[in-house]
Amino acid sequence: MSVAVSESNTHQLAGTWLLMRLSTELYALPGPAVRELIRYRAPVPVPGAPPSLPGLINQRGAILTVVNMHVLLGLEQTVPSRTSRYVYVHHEETDLALIADSVIDLIDIAADQVQALPTSLDPVRAQLLEAVVHHEDQIVALLDLDALLRVLREAL
Amino acid sequence: MPNLVLTLQTARHTYAVIHRPEVQIRFIGGATALGTTDSRNRPLIKADLGTLLDYQDISDQGSRYAFVVPLRRRSVALLCDAVSEMHTVDEGELSPLPPLLYHRLPHRWVWGVYTPSETLILVLDLYEIALDLIRQTAQPHGETA
């Protein structure tokens, strides 16, 4: 069972998305918000910061707040590897570096591919997602950057 | 206007502080060499900066440096392993913490970042750290800093 996605929202979600892997699952970020892909390096930890915000990196003078998506989505933690990347996202005047286990590709999503989230989905995870799509026989969850910023601003 | 910045080392990390002439830097042979009072004979509270900021950051150095932060009624000595030379820093190399992160922190111990070339060093606010330490060790009869 799933919750319906309105037709206008479906059309808004159509477009280019960046496909990435987090743990064993596929997620996508809106393409226009993605500034750059950056090879993973250990962030500088900030004392007292919550686990979802493990530190900062300096990317050619831009100070990026690192976001641990695994913590936010309740996914199993992974050890950074040579495929790990930061996805530099700029959204609502905020610069973030989201940790991805790997970045796969840019994909085009058509409005008729967009499906509602399953109602059985964990609400903590569901609040960060817009919808799902099927891509090459796999389910891809579309991340909601407005919701991500809202959750990051609240205490976890 | 350029700022003067000092970098300091703990066992695991490098931090920066903006130079303030009223904060003394003292070389000490060990924590006990500092004594229990400051130069004005007021109580001197000591704390290890490394472990305050990261509980795993434990120094094994016998000789330390102390940043002695004078407050209204006492001073706080914040210990670290090493202190670098002073650097003159342009405004562009110092930035406040990103607001998203700053507002999620439980205290105001980190003012911002110092970004010489491609690196990133946290800039500490030693007064905020000292004041919080005083609050934590406040006497039951209501002494203040």
Side-chain angles (χ1 to χ4, degrees), chain A residues 29 33 35-72 86-99 127-128 143-156, chain B residues 7-17 47-58 78 80 89-126 128-130 132-133 135-136:
Chain A
L29 286 162
R35 287 278 171 94
E36 190 176 352
L37 303 178
I38 304 164
R39 190 176 293 277
Y40 180 86
R41 57 191 188 260
V44 175
V46 178
S52 56
L53 300 173
L56 298 167
I57 59 168
N58 174 7
Q59 182 62 11
R60 291 193 294 275
I63 309 305
L64 308 183
T65 303
V66 174
V67 180
N68 186 328
M69 296 302 295
H70 297 75
V71 170
L72 291 173
Y86 290 116
V87 183
Y88 175 179
V89 167
H90 181 80
H91 186 67
E92 289 185 2
E93 307 302 318
T94 304
D95 291 312
L96 301 174
L98 311 186
I99 300 173
Q127 68 178 336
L128 293 166
L143 287 160
D144 180 343
L145 288 180
D146 290 333
L148 174 64
L149 284 180
R150 190 172 62 246
V151 167
L152 287 175
R153 287 175 179 139
E154 296 165 357
L156 285 177
Chain B
T7 52
L8 63 93
Q9 280 77 42
T10 60
R12 291 173 62 128
H13 301 290
T14 297
Y15 298 104
V17 293
D48 189 290
L49 200 49
T51 49
L52 272 177
L53 299 166
D54 172 359
Y55 72 95
Q56 294 180 307
D57 191 352
I58 299 166
L78 298 167
C80 64
V89 170
D90 292 327
E91 287 293 332
E93 291 180 299
L94 287 174
S95 318
L97 283 181
L100 178 81
L101 180 61
Y102 184 77
H103 293 299
R104 293 294 308 278
L105 298 177
H107 36 61
R108 300 291 169 245
W109 294 0
V110 180
W111 171 82
V113 294
Y114 168 41
T115 51
S117 63
E118 289 289 299
T119 60
L120 186 154
I121 300 171
L122 299 180
V123 179
L124 303 177
D125 186 332
L126 296 182
E128 283 289 339
I129 296 172
D132 274 356
L133 278 174
R135 290 182 194 116
Q136 285 170 19

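Here is how names work: the chains are called A, B, and so on, in the same order as the sequence lines, proteins then strands, and each is numbered from 1.
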* Is there a side-chain contact between A:Ile99 and A:Tyr86 (heavy atoms, below 4.5 Å)? -> yes
* Structure fact -> Expected contact set for residues 110-119 of chain B against chain A at heavy-atom separation under 4.5 Å reads B:Val110, B:Val113, B:Thr115, B:Ser117, B:Glu118, B:Thr119
* Asked: Would you say the side-chain atoms of B:Asp48 pair up with the backbone N or O of B:Gly50, donor to acceptor, closer than 3.5 Å?
  -> yes
* Asked: Would the number of heavy atoms belonging to other residues, nucleotides or ligands and lying under 6.0 Å from CD of B:Gln56 be above 12?
  -> yes
* May I ask you to list the residues in residues 54-61 of chain A that approach chain B closer than 4.5 angstrom, counting heavy atoms only, ordered by number? => A:Leu56, A:Ile57, A:Asn58, A:Arg60
* **A:Pro51 vs A:Asn68 side-chain heavy atoms within contact, under 4.5 Å** => no
* B:Arg104 side chain to A:Pro50 main-chain N or O, any donor-acceptor pair under 3.5 Å? -> no
* **Any side-chain heavy-atom pair of A:Met69 and A:Leu148 under 4.5 Å** => yes
* Asked: At a heavy-atom separation under 4.5 Å, does A:Pro43 approach chain B through its side chain, its backbone, both, or neither?
  -> neither
* Could you tell me which residues satisfy ring pair (Phe, Tyr, Trp, His ring centres under 6.0 Å) with A:His70, sequence neighbours excluded, listed by chain and number? => none
* Please say whether more than 12 non-hydrogen atoms of neighbouring residues, nucleotides or ligands are located less than 6.0 Å from CZ in A:Arg39. => no
* With sequence neighbours left out, what residues match B:His107 under ring pair (Phe, Tyr, Trp, His ring centres under 6.0 Å)? -> B:Trp109
* Would a 4.5 Å heavy-atom cut-off, applied to side chains only, mark B:Leu52 and B:Asp132 as touching? -> no
* Apply side-chain contact (heavy atoms from CB on, under 4.5 Å) to the pair B:Thr10 and B:Leu53, showing each step before the final yes or no. => CA-CA 10 Å; B:Thr10 60; B:Leu53 299 166; 5.7 Å; no
* With only heavy atoms counted, which part of A:Val44 is less than 4.5 Å from chain B, the side chain, the backbone, both or neither? -> side chain
* **chain A contact via B:Ile121 - side chain, backbone, both or neither, heavy atoms under 4.5 Å** => neither
